[in-house]
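Note that this is a predicted model, so its numbers are computed, not measured.
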Amino acid sequence: MRPAVGADVVRCEECGGYEYGGAPDCHRCCTRVDDIINDEWRRFLGDWQGESEHEIARLVVTEPDRHDWRVVDAALDRITCIDCGEQLSRGPMTCSPCNLAHGFRYAAVETDRPGVPPGNEHAVRVNVSVVRRPQMTSARELLARRLLLPALLVGFLPTTAQAQRFSSMIKADPAPDRVTGMISAWLHSTAQAIDTNEDPDHKPKW
């Protein structure tokens, strides 16, 4: 289950980083990320009692713009690609059907939760997609996406300036410990700014 807005980020008992941020290498974090998708799918299936799960999944992927992005992602997981044999959209870079399905997934509904900055749900959605499809991005991009995910899940969203600084620092020093430290400092400064009603982008960074 995804954490609530405003919840504290916590350390993973397996990898030692923030929960969710160790995926795809940490099994526990990877399971947590998958649960974001699967928990919503189980709720969705509650309205389809007695129907074939496979057929429901096929129906969902034909009309992604009518469903929450987590439902669409879960439906894709339950369809096997006829070309590569992987879960549809999660095959290798050379698989055309998977790449096509991956593009269509972004037509799905992304609804911001109450209390988060506009665009937080889209950021969560993109980062989850990258973490669950790591073969399609660079190592540095994956590192940034996965380590930022825990903060996004509890409702934070970096400003454009923060995101640019974050990206530049990762390019300069991509060591995971260094990036984790940057995120910890950002979370701390942002939380302080919220408590004092200040603009977090005017506070010290990383």
Side-chain angles (χ1 to χ4, degrees), residues 1-10 12 18-24 26-92 95-137 145-146 148-157:
M1 180 178 293
R2 66 195 291 178
V5 173
D8 292 331
V9 290
V10 298
C12 172
Y18 291 129
E19 277 192 342
Y20 302 88
C26 170
H27 178 266
R28 188 169 186 270
C29 286
C30 200
T31 298
R32 289 283 192 276
V33 173
D34 285 341
D35 284 345
I36 295 172
I37 306 299
N38 293 326
D39 287 348
E40 187 64 22
W41 178 252
R42 284 189 286 268
R43 284 190 286 269
F44 178 75
L45 285 184
D47 296 328
W48 296 80
Q49 296 294 333
E51 301 290 339
S52 164
E53 183 175 14
H54 187 261
E55 290 304 315
I56 295 171
R58 289 199 169 276
L59 176 63
V60 167
V61 299
T62 63
E63 44 185 24
D65 57 319
R66 297 185 60 184
H67 302 285
D68 182 271
W69 68 269
R70 292 164 293 176
V71 172
V72 173
D73 279 16
L76 289 168
D77 286 348
R78 285 154 177 81
I79 299 174
T80 301
C81 175
I82 59 175
D83 275 24
C84 70
E86 299 289 339
Q87 293 168 304
L88 188 59
S89 84
R90 297 178 69 179
C95 180
S96 296
C98 280
N99 289 332
L100 185 63
H102 176 66
F104 284 144
R105 81 194 318 150
Y106 284 100
V109 178
E110 300 170 351
T111 304
D112 281 321
R113 295 165 291 171
V116 303
N120 171 266
E121 190 69 11
H122 177 69
V124 170
R125 194 262 184 284
V126 171
N127 285 32
V128 166
S129 176
V130 170
V131 166
R132 298 183 82 231
R133 201 171 181 245
Q135 73 275 19
M136 300 301 291
T137 192
R145 295 288 185 179
R146 71 176 179 83
L148 190 57
L149 181 57
L152 298 175
L153 286 169
V154 298
F156 289 100
L157 184 67

Minimum side-chain heavy-atom gap Leu157-Val116 below 4.5 Å: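 No; the side chains remain at least 4.5 Å from each other.
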
Val33 and Arg146, any side-chain heavy atoms less than 4.5 Å apart: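 A side-chain contact is absent here, since even the closest heavy-atom pair is not under 4.5 Å.
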
Distance alone, cut at 3.5 Å: any donor-acceptor contact between the side chains of [X] and [Y]?
X	Y	answer
Ser89	Arg105	yes
Glu53	Trp48	no
Arg113	Asn120	yes

Check whether any side-chain N or O of [X] sits under 3.5 Å from a backbone N or O of [Y] as a donor-acceptor pair, and report yes or no.
X	Y	result
Asp39	Met1	yes
Thr62	Leu59	yes
Asn127	Arg145	yes

Heavy-atom closest pair, residues Gly91 and Cys98: N-SG, 3.3 Å

Minimum heavy-atom distance Val5-Gly115, with the two atoms named: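 Scanning both residues, the minimum pair turns out to be CG1-O, 4.1 Å.
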
Steps toward side-chain contact (heavy atoms from CB on, under 4.5 Å) verdict (Trp69, His122): CA-CA 9 Å; Trp69 68 269; His122 177 69; over 6 Å; no

From CA spacing to verdict: side-chain contact (heavy atoms from CB on, under 4.5 Å), Arg125, Tyr106: CA-CA 9 Å; Arg125 194 262 184 284; Tyr106 284 100; 3.6 Å; yes

Chi angles and distances behind the side-chain contact (heavy atoms from CB on, under 4.5 Å) call for Leu153, Val9: CA-CA 9 Å; Leu153 286 169; Val9 290; over 6 Å; no

How far does [atom1] of [X] sit from [atom2] of [Y], to the nearest 0.5 angstrom?
X	Y	atom1	atom2	answer
Glu86	Gln135	CD	CD	8.0 Å
Arg78	Gln87	CZ	CD	8.5 Å
Leu149	Cys29	CG	SG	9.5 Å
Arg43	Asp47	CZ	CG	11.5 Å
Leu45	Glu40	CG	CD	10.5 Å
Arg42	Ile37	CZ	CD1	11.5 Å

Salt-bridge present (Asp73, Arg70; N to O < 4.0 Å): no

Presence of salt bridge, Arg58 and Glu51, under 4.0 angstrom: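 Salt bridge between Glu51 and Arg58, a charged N being under 4.0 Å from a carboxylate O: no.
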
If you count every heavy atom of other residues, nucleotides or ligands that lies below 6.0 Å from [X] atom [atom1], does the total exceed 12?
X	atom1	answer
His27	NE2	no
Phe104	CZ	no
Asp65	CG	yes
Arg66	CZ	no

